[in-house]
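It should be emphasised that the depicted structure is a prediction, and the values quoted were computed from it without experimental measurement. Labels below follow one simple rule: chain letters A, B, ... track the order of the sequence lines, proteins then strands, and each chain is numbered from 1.
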Protein chains: 2
Amino acid sequence: MESKTAVAGLAALAQDARLAIFRLLVQKGPEGLCVGDIAAKFGMAAATLSFHLKELTSAGLLVARQEGRFIYYAPDFEEMNALVSYLTENCCGGGTCAPAYRPVARKRKEKVT
Amino acid sequence: MESKTAVAGLAALAQDARLAIFRLLVQKGPEGLCVGDIAAKFGMAAATLSFHLKELTSAGLLVARQEGRFIYYAPDFEEMNALVSYLTENCCGGGTCAPAYRPVARKRKEKVT
DNA sequence: CCTATATTTCGATAATACTAGAAATGTGGA
DNA sequence: TCCACATTTCTAGTATTATCGAAATATAGG
């Protein structure tokens with residue numbers, strides 16, 4: 001993943017409403033939820049929700065699928081995986097940071113003598 | 001980690017200049033770099049760099065330490081780890097997303113080869 | 001075709017973020 | 001103390017983002 005893509009993904013998630021939306025959809029899994037149901041869950045204006053869904057979708061984190069009159073949004077797990085991988089590889093000191101974290105030198109306070 | 005903290009961290013990284021700064025500092029490790037060296041690397045105005053460092057620091061992703069007339073910034077790897085963990089746990093469907101994800105290896109001894 | 005429902009786009013406004021010059025602060029050395 | 005240097009804060013201009021009512025578009029069913 002390129003850094004520009006990563007920035008786009010991070011920006012998409014870096015907002016209360018959008019992070020909440022994305023988390024909800026992750027819980028729902030690949031089937032996702034239709035816009036109306038998401039709106040009901042958060043009680044935001046339809047236009048606002050549509051704006052956020054568009055942000056998440058153009059960042060590649062959501063995929064939309066039409067089903068009758070409804071449009072279902074679901075996470076693109078592969079893209080999210082790529083984003084997390086980017087972070088562990090580029091922002092965590094080469095894997096030393098994340099899950100398999102090695103108890104290396106914790107930062108310690110300067111001793112004032 | 002709470003979602004508000006996560007949003008702050010994501011927002012801090014969701015910007016070209018800041019992501020670049022953070023990646024550079026991750027490469028440099030716990031020693032970090034002083035502001036002048038970072039400025040030299042990117043050629044941005046001192047005030048602009050200071051603004052970005054403040055953003056990253058108040059999101060908890062950087063720590064500053066004074067050394068003589070210089071101020072060194074280094075990543076807070078623990079905080080970054082917490083952020084990545086938040087994402088894998090809340091935004092990746094509990095492992096559905098990150099295939100290479102190994103469930104919490106607590107305090108594993110480093111094999112010295 | 002007409003109507004009801006679902007969702008998006010338009011347009012306007014308010015809020016927040018980015019950039020950088022200039023001034024201020026902090027630090028060490030002469 | 002005074003100076004030189006490193007960094008931050010102040011201030012302002014510009015740009016981007018968030019919100020939402022209203023209008024437009026799409027879809028299904030009669």
Between [atom2] of [N] and [atom1] of [X], the distance in whole Å:
X	N	atom1	atom2	value
A/D16	D/dT19	CG	C1'	14 Å
A/I71	C/dT7	CD1	C1'	6 Å
A/E67	D/dA26	CD	C1'	16 Å
B/F70	C/dT27	CZ	C1'	10 Å
A/L13	D/dT17	CG	P	15 Å
B/L53	C/dT19	CG	P	12 Å

Legend entry - DNA chain D-proximal residues of residues 34-45 of chain B, any heavy atom under 4.0 Å: B/C34, B/V35, B/G36
Any [X] side-chain N or O less than 4.0 Å from OP1/OP2 of [N]:
X	N	value
B/H52	C/dA17	no
B/T48	C/dT19	no
B/R18	C/dC18	yes

Inset, instruction - Select base, sugar-phosphate, or nothing to describe what B/Y72 touches, counting heavy atoms under 4.0 Å on all strands. - result: nothing
If you check every side-chain atom of [X], which of [options] has the closest atom?
X	options	result
A/S50	D/dT27, D/dT17, C/dT9	C/dT9
B/F51	C/dA4, C/dG26, C/dT19	C/dT19
A/Q66	C/dT8, C/dT9, D/dT27	D/dT27
B/Q15	C/dC18, D/dT19, C/dA6	C/dC18
A/A47	D/dC20, C/dA4, C/dT8	D/dC20

Inset, instruction - Quick one: list whatever passes side-chain hydrogen bond (donor to acceptor under 3.5 Å, both in side chains) with A/R23, sequence neighbours left out. - result: B/Y86, B/N90
Legend entry - Separation of B/Q27 CD from A/C91 SG (nearest 0.5 Å): 10.0 Å
Legend entry - A/F42 with A/F70, same ILVMFWY side-chain cluster at under 4.5 Å: no
Legend entry - Residue whose closest nucleotide on DNA chain D lies nearer the 5' end, B/K54 versus A/A14: B/K54
Is [Y] close to [X] at the side-chain level, that is, under 4.5 Å between some pair of heavy atoms?
X	Y	answer
A/L49	A/I21	yes
B/Q15	B/E55	no
A/R18	A/L13	no

Legend entry - Within 6.0 Å of CD in A/E31, more than 12 heavy atoms from elsewhere: no
